[in-house]
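Structure record follows, encoded as structure tokens.
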Amino acid sequence: MSAAPRASSGASPRPTVPTAAPAPLGSRAGRYAWYGVLLVLGALVGAAGALVQAAWFPGGLLVALLATASLFYGGLRATGTQVGVVAAGCGWLLAVILLSFGRPEGDGVFGGGAGELLFLFGGMGIAVMCATLSRLPRPTP
């Protein structure tokens with residue numbers, strides 16, 4: 001069967017203009033809310049990792065670094081931008097730095113040693129790796 005020819009109205013067909021893909025998180029307020037959630041999650045993962053890595057060395061260090069990598073990569077996937085990694089990384093680094101200060105009485109979470117340094121530098125390295133990953137391609141509708 002052949003299609004019936006269309007009557008030409010004299011006007012050329014409208015060219016299709018590609019439209020920008022919608023933002024993965026919707027509105028600007030939604031994105032900022034996600035960044036705030038990632039900041040808090042980063043602080044929680046940093047604090048938990050600081051406690052776990054010293055308690056069960058070397059297995060605790062591996063678990064803490066895996067949780068850190070999961071958070072950073074999840075922030076990249078959830079937001080679709082590197083800002084998600086930066087928000088989670090800022091919360092993580094803030095918690096780790098604050099826990100490393102200790103108290104005037106001498107109590108501190110980090111006692112000094114190779115495990116603490118591996119956690120600190122390993123977490124920062126993972127954050128840099130996740131932040132420099134290429135952006136995820138947007139799905140076509």
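The model shown is predicted, which means the values in this text are computed figures rather than measured ones.
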Look at the side-chain heavy atoms of Ile, Leu, Val, Met, Phe, Trp and Tyr, link any pair under 4.5 Å apart, and say whether [X] and [Y] land in one connected group.
{"X": "Met129", "Y": "Met124", "result": "yes"}
{"X": "Ile126", "Y": "Leu39", "result": "no"}
{"X": "Leu117", "Y": "Leu93", "result": "yes"}
{"X": "Phe121", "Y": "Val86", "result": "no"}
{"X": "Leu98", "Y": "Val45", "result": "yes"}

Taking all non-hydrogen atoms of both residues, which atom of [X] and which atom of [Y] are closest, and how far apart?
{"X": "Leu61", "Y": "Gly115", "answer": "CD1-O, 3.8 Å"}
{"X": "Ala69", "Y": "Cys130", "answer": "O-SG, 4.5 Å"}
{"X": "Gly122", "Y": "Leu65", "answer": "C-CD2, 3.9 Å"}
{"X": "Val128", "Y": "Thr132", "answer": "O-OG1, 2.9 Å"}

Minimum side-chain heavy-atom gap [X]-[Y] below 4.5 Å:
{"X": "Phe119", "Y": "Val96", "answer": "yes"}
{"X": "Thr81", "Y": "Tyr35", "answer": "yes"}
{"X": "Thr79", "Y": "Leu38", "answer": "yes"}

I need the Ser70 OG to Leu41 CG distance, nearest 0.5 Å.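 Spacing of OG (Ser70) from CG (Leu41) equals 12.0 Å.
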Can you tell me how far apart CH2 (Trp92) and CD1 (Ile97) are? Round to the nearest 0.5 Å.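 Going from the CH2 atom of Trp92 to the CD1 atom of Ile97 covers 8.0 Å.
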Does the side-chain contact (heavy atoms from CB on, under 4.5 Å) test come out yes or no for Phe72 and Thr68, once each step is laid out? CA-CA 6 Å; Phe72 295 157; Thr68 302; 3.2 Å; yes
Keeping Gln82 on the side-chain end and Leu133 on the backbone end, is there a donor-acceptor pair under 3.5 Å? yes
